2 protein chains.
Amino acid sequence: MNIGEVAERAGLPAKTIRYYEDIKLIRPARDGNGYRAFSETDLHKLTFLSRARALGFTIENCRALLALWEDQSRASSDVKRIAGEHLDEIDRKIADLQSMRDTLGELVRDCAGDGRPDCPILTGLGKPRS
Amino acid sequence: MNIGEVAERAGLPAKTIRYYEDIKLIRPARDGNGYRAFSETDLHKLTFLSRARALGFTIENCRALLALWEDQSRASSDVKRIAGEHLDEIDRKIADLQSMRDTLGELVRDCAGDGRPDCPILTGLGKPRS
DNA sequence: GGTTGACCTTCCAGTAGCTGGAAGCACCAT
DNA sequence: ATGGTGCTTCCAGCTACTGGAAGGTCAACC
């Protein structure tokens with residue numbers, strides 16, 4: 001398989017796949033002409049990466065997960081720990097965004113949004129953090 | 001005011017303040033010794049930036065907001081539009097994270113997390129995006 | 001007057017995870 | 001032979017800082 005096909009099937013840009021090879025997440029073989037030759041296993045790994053990245057795992061976590069995926073004698077507890085920590089991270093991010101949303105939502109709500117210069121958003125932003 | 005004091009009072013690292021000068025968000029005066037000399041207005045701007053960044057506005061949005069803040073003849077509708085768009089952006093991010101959370105939460109829930117290698121998280125990540 | 005230590009300066013490099021673009025082969029169809 | 005598409009490498013840039021080195025300045029203490 002050439003990079004175009006594998007990109008299509010894994011749902012990743014070719015550029016990203018080359019980058020993943022660069023940072024050694026995958027090590028595809030090469031054809032005589034210098035083209036990358038992807039195996040079914042490579043495709044599977046890339047699909048895995050595509051999914052994991054879409055779920056917000058960092059590249060380094062992806063690397064760890066991929067290593068576990070390849071290790072037939074892994075303990076599922078190791079996987080669960082990484083995923084669980086990431087879940088907590090996501091929860092923290094959601095909470096942060098919620099709190100931003102609440103604060104900003106208030107400011108926007110209180111702003112007349114007309115032609116006059118008075119604006120509670122600007123006033124609110126000028127005050128030290130509460 | 002030197003950078004240390006203003007950093008303390010605005011709640012920003014000195015490094016960040018130097019960076020903000022670099023990208024021309026602020027233009028503090030200089031003392032004879034080469035030290036930056038911050039005015040009360042500079043402090044106010046930095047407090048503004050600190051708050052706006054904490055609410056997730058991009059630097060470029062901060063620049064626009066700061067310009068409006070300085071423009072006595074602004075229309076509050078301009079401010080409200082920027083803030084409203086950012087609010088939508090935050091909502092989109094929250095929705096994305098929620099959907100990640102849901103998917104990942106299911107996988108984690110279904111994983112035994114013991115010493116055995118079988119792991120629905122790894123299996124789930126290997127499948128194409130649903 | 002000398003010395004310490006805190007504070008300030010600039011400049012360079014690195015972070016995460018790609019993405020865009022240039023220059024140049026390879027392959028296939030006409 | 002020619003045109004178009006796809007592949008290759010390499011270099012630069014994105015966001016918003018952050019760390020660190022090398023060196024100047026200031027105030028205090030002995």
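In what follows, chains are A, B, ... by sequence order, proteins preceding strands, each numbered from 1. Quick caveat, the model's predicted, so the values are computed rather than measured. Side chains included, hydrogens not; waters and symmetry mates left out as well; all remaining heavy atoms used.
- If you measure from atom CZ of A:Phe38 to atom P of D:dG6, you get 15 Å, rounded to the nearest angstrom.
- Whole-Å rounding puts the A:Glu60 CD to C:dA16 C1' distance at 10 Å.
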* Please lay out, stage by stage, how B:Leu65 and B:Phe48 fare under the test side chain to side chain contact (heavy atoms under 4.5 Å, CB included). => CA-CA 9 Å; B:Leu65 289 172; B:Phe48 184 98; 3.9 Å; yes
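- In summary, the side chains of A:Asp102 and A:Ser99 do not present any donor paired with an acceptor at a separation below 3.5 Å, with no hydrogens or angles considered.
- Dashed line: the shortest gap from a side-chain N or O of B:Arg36 to OP1 or OP2 of C:dT9 is under 4.0 Å.
- Between the CD1 atom of A:Ile23 and the C1' atom of C:dG17 there is a distance of 8 Å, given to the nearest Å.
- Taking 4.0 angstrom as the limit, A:Arg53 places a side-chain polar atom (N or O) nearer than this to OP1 or OP2 of C:dC18.
- Considering only side-chain N and O atoms, A:Thr16 lies nowhere under 4.0 angstrom from the phosphate OP1 or OP2 of C:dG17.
- Nearest heavy-atom pair, B:Ile121 versus A:Lys80, reported as atom, atom and distance to 0.1 Å: CD1-CA, 3.9 Å.
- Atom CZ of A:Arg30 sits in a crowded spot, with more than 12 heavy atoms from other residues, nucleotides or ligands closer than 6.0 Å.
- Look at A:Arg30 and you'll find a side-chain N or O under 4.0 angstrom from OP1 or OP2 of D:dT9.
- Distances were taken from every side-chain heavy atom of A:Lys15 (C-beta onward) to each of C:dC11, C:dC7, C:dG20; the shortest belongs to C:dG20.
- Looking at B:Arg63, its side chain does come within 3.5 Å of a backbone N or O of B:Ile23 through a donor-acceptor pair.
- By the rule that hydrophobic residues join a cluster once side-chain heavy atoms approach within less than 4.5 Å of another member, A:Leu46 and A:Tyr35 end up as members of separate clusters.
- Atom CD1 in B:Ile17 sits about 13 Å away from atom C1' in C:dC8, given to the nearest Å.
- Axis angle between the ends of the helix from C:dG1-D:dC30 to C:dT30-D:dA1, five pairs each and rounded to 10 degrees, works out to 30°.
- Here D:dC10 presents its C1' atom at 16 Å from OH of A:Tyr19, a figure rounded to the nearest Å.
- Rounding to the nearest 0.5 Å places OG1 of A:Thr123 at 8.0 Å from CG of A:Asp118.
- In this structure, CG of A:Leu12 is placed 8 Å from P of C:dC18, rounded to the nearest angstrom.
- Atom CD of A:Glu5 and atom C1' of D:dT5 are 16 Å apart (whole Å).
- Atom CD1 in A:Ile3 sits about 20 Å away from atom P in C:dC25, given to the nearest Å.
- Heavy-atom nearest nucleotides on DNA chain D were determined for B:Tyr20 and for B:Asn33, and the one closer to the 5' end corresponds to B:Tyr20.
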